[in-house]
A.B. asks: 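The structure follows.
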Amino acid sequence: VCVRTVSGALTLGAMVMFVQAFQKGAGFLGQLLGGLSDLYENQLFLTQFFRFMTLAPAIDTPLNPLPVPTPVQAGLTVEHLNFRYPAGEQVVLKDISFTLAPGEVVALVGDNGTGKTTLVKLLCRLYDPNSGSITLDGQDIRGFDPVDYRRRFSVIFQDFIQYQLTARDNIQFGDTALSADTEAIKKAAAKAGVAKTIDALPMGYDTVLGKLFDNGRELSVGQWQKLALARAFYRAADIVVLDEPTSALDVKSEYALFQVFRELLDGRSALIISHRFSTVRLADRILVLENGCIVESGSHEQLMALEGRYASMVCTQADRN
């Protein structure tokens with residue numbers, strides 16, 4: 001086009017028209033290809049979405065479920081439990097046996113990948129073991145309605161959710177079956193040490209948290225974790241399960257929380273997973289997992305006197321600090 005324009009075969013106006021037409025054509029082609037790419041990606045998402053929506057529950061509800069004991073009298077008992085994930089060949093948990101009595105605080109410790117969180121999920125009956133049993137007050141948990149059984153647990157996992165809603169909603173989601181009792185919500189916030197943070201927000205408990213919506217207020221990671229703890233304390237459950245409950249808290253906040261931890265439990269049982277031995281040592285009993293097995297069990301003092309795996313981990317962490 002430029003050569004023909006220079007030779008006089010095309011006018012300058014015609015050359016400009018051709019260049020603009022080429023640019024617009026290239027732009028339209030790019031948009032078309034981008035649209036096709038987005039369509040393909042959305043099709044992949046929708047395929048997975050509809051496949052997910054048609055999944056059948058892996059945990060079946062018995063035809064005549066047993067009533068879940070309320071309150072729990074004898075506690076949880078795990079006997080010779082073995083488990084591996086359906087898609088995996090490696091056994092994650094091997095011959096696990098222990099009890100969790102009412103009002104008892106038990107800690108699980110061990111390296112990453114030893115099966116601590118998997119054990120918690122089995123106790124909550126998110127999975128069923130391949131062999132062995134879990135009983136509540138002497139009744140196999142497979143005889144209960146899964147939904148009713150899980151109501152007896154208040155669980156905060158390490159990857160807790162930060163709901164981009166009000167502070168009130170974030171706490172109330174701990175037990176949606178309860179009415180929105182403002183006093184109970186404030187009490188749970190005070191237990192978790194986040195009440196002052198919420199009171200300082202522009203609209204208090206009605207302040208929207210996060211940056212997803214306009215005028216939302218972001219919290220620090222530690223403050224979000226305290227809010228998740230408040231959610232756990234709000235739920236009326238017999239067993240509290242905390243997976244790395246203070247990983248994002250500073251030392252001062254962690255110390256203040258666990259100084260009154262038993263008072264906060266109010267007679268409930270607790271199962272704690274933590275890598276911080278300042279937290280672990282407060283438990284009545286500590287279970288040490290290694291390669292999917294319980295290799296040691298006892299109080300902090302007993303295990304330190306044993307000079308085994310637990311004592312080695314405590315000394316290693318002390319040296320790092």
A.B. asks: Got Glu79 and Thr77 here, is their nearest side-chain heavy-atom distance under 4.5 Å?
C.D. replies: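 In contact.
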
A.B. asks: Is it true that atom CG of Asp38 has more than 12 heavy atoms of other residues, nucleotides or ligands lying nearer than 6.0 Å?
C.D. replies: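 Atom CG in Asp38 is packed in, count exceeds 12.
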
A.B. asks: Considering only heavy atoms from C-beta outward, does the side chain of Val241 approach that of Leu123 to under 4.5 Å?
C.D. replies: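 SC-SC contact between Val241 and Leu123 ruled out.
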
A.B. asks: I need the Leu287 CG to Leu271 CG distance, nearest 0.5 Å.
C.D. replies: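 Those atoms lie 8.0 Å apart.
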
A.B. asks: When you measure from the side chain of Arg235 to the backbone N and O of Phe153, does any donor-acceptor pair fall under 3.5 Å?
C.D. replies: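 A pair under 3.5 Å: yes.
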
A.B. asks: State whether Arg168 and Asp206 are salt-bridged, where the test is any N-O pair (Lys NZ or Arg NE/NH1/NH2 against Asp/Glu carboxylate O) under 4.0 Å.
C.D. replies: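 Salt bridge present between Arg168 and Asp206.
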
A.B. asks: Which heavy-atom pair separates Gly115 from Val92 by the least distance, and what is that distance?
C.D. replies: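 Distance-wise, the nearest heavy atoms are CA-CG1, 4.0 Å.
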
A.B. asks: Rounded to the nearest 0.5 Å, how far apart are CG of Leu219 and NZ of Lys226?
C.D. replies: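 Taking CG in Leu219 and NZ in Lys226, the distance rounds to 11.0 Å.
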
A.B. asks: Hey, could you give me the OH/NZ distance between Tyr127 and Lys121, rounded to the nearest 0.5 Å?
C.D. replies: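 Tyr127 atom OH to Lys121 atom NZ measures 4.5 Å (nearest 0.5 Å).
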
A.B. asks: Spell out, as yes or no, whether a donor-acceptor pair under 3.5 Å connects the side chain of Asp137 to the backbone of Gln73.
C.D. replies: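 Yes.
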
A.B. asks: Decide whether Thr135 and Asp140 meet the rule of one side-chain donor and one side-chain acceptor closer than 3.5 Å.
C.D. replies: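 Thr135 vs Asp140: no donor-acceptor pair found between side chains.
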
A.B. asks: Would Thr47 and Gln43 count as having a side-chain donor-acceptor pair, cut-off 3.5 Å?
C.D. replies: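 A pair is found: one side chain offers a donor N or O, the other an acceptor, under 3.5 Å apart.
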
A.B. asks: Hey, does Leu93 have a side-chain heavy atom less than 4.5 Å from the side chain of Leu119?
C.D. replies: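 Side chain of Leu119 against side chain of Leu93, heavy atoms only: contact under 4.5 Å found.
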
A.B. asks: So does Arg152 pair up with Asp238, basic N to acidic O under 4.0 Å?
C.D. replies: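 Yes, this pair counts.
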
A.B. asks: What heavy-atom pair brings Phe213 and Gln164 nearest, and what distance separates the two atoms?
C.D. replies: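 Nearest pair, atom of Phe213 first, then Gln164: CE1-O, 3.2 Å.
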
A.B. asks: Surrounding CZ of Phe49 (heavy atoms of other residues, nucleotides or ligands, distance under 6.0 Å), is the total greater than 12?
C.D. replies: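 Check fails, neighbour count at 12 or below.
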
A.B. asks: Would you indicate whether Arg285, at its atom CZ, is surrounded by more than 12 heavy atoms from other residues, nucleotides or ligands within a distance under 6.0 Å?
C.D. replies: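 Atom CZ in Arg285 is crowded, with more than 12 foreign heavy atoms closer than 6.0 Å.
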
A.B. asks: Between the side chains of Ser154 and Tyr234, does any donor sit under 3.5 Å from an acceptor?
C.D. replies: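 Ser154 vs Tyr234: no donor-acceptor pair found between side chains.
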
A.B. asks: For Asp169 and Thr166, does a side-chain donor sit closer than 3.5 Å to a side-chain acceptor?
C.D. replies: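 The criterion, which ignores hydrogens and geometry beyond distance, is satisfied for Thr166 and Asp169.
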
A.B. asks: Kindly say whether the aromatic ring centers of Tyr310 and His300 come within a distance under 6.0 Å.
C.D. replies: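 Under 6.0 Å, so yes.
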
A.B. asks: Under a 4.5 Å cut-off applied to non-hydrogen side-chain atoms, are Gln162 and Gln225 in contact?
C.D. replies: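 Not touching, per the 4.5 Å side-chain cut-off.
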
A.B. asks: Are any of the side-chain heavy atoms of Leu227 and Leu209 separated by less than 4.5 Å?
C.D. replies: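 The answer is yes, as the side chains (C-beta and beyond) meet within the 4.5 Å cut-off.
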
A.B. asks: Determine, stepwise, if the pair Asn82 / Ser131 fulfils side-chain hydrogen bond (donor to acceptor under 3.5 Å, both in side chains).
C.D. replies: CA-CA 5 Å; Asn82 294 277; Ser131 62; 3.1 Å; yes

A.B. asks: Any side-chain heavy atom of Leu81 sitting closer than 4.5 Å to one from Ser133?
C.D. replies: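 No. Closest side-chain heavy atoms not under 4.5 Å.
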
A.B. asks: Quick one: CD1 on Ile286 to CE on Met304, what's the gap to the nearest 0.5 Å?
C.D. replies: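 Separation between the atoms: 10.0 Å.
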
A.B. asks: If we ignore hydrogens and angles and just use 3.5 Å, is the side chain of Gln48 paired with the main-chain N or O of Phe45 as donor and acceptor?
C.D. replies: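 Side chain of Gln48 to backbone of Phe45: no pair is present.
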
A.B. asks: Is there a donor-acceptor pair closer than 3.5 Å between any side-chain N or O of Asp284 and the backbone N or O of Ser299?
C.D. replies: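 No; zero donor-acceptor contacts below 3.5 Å.
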
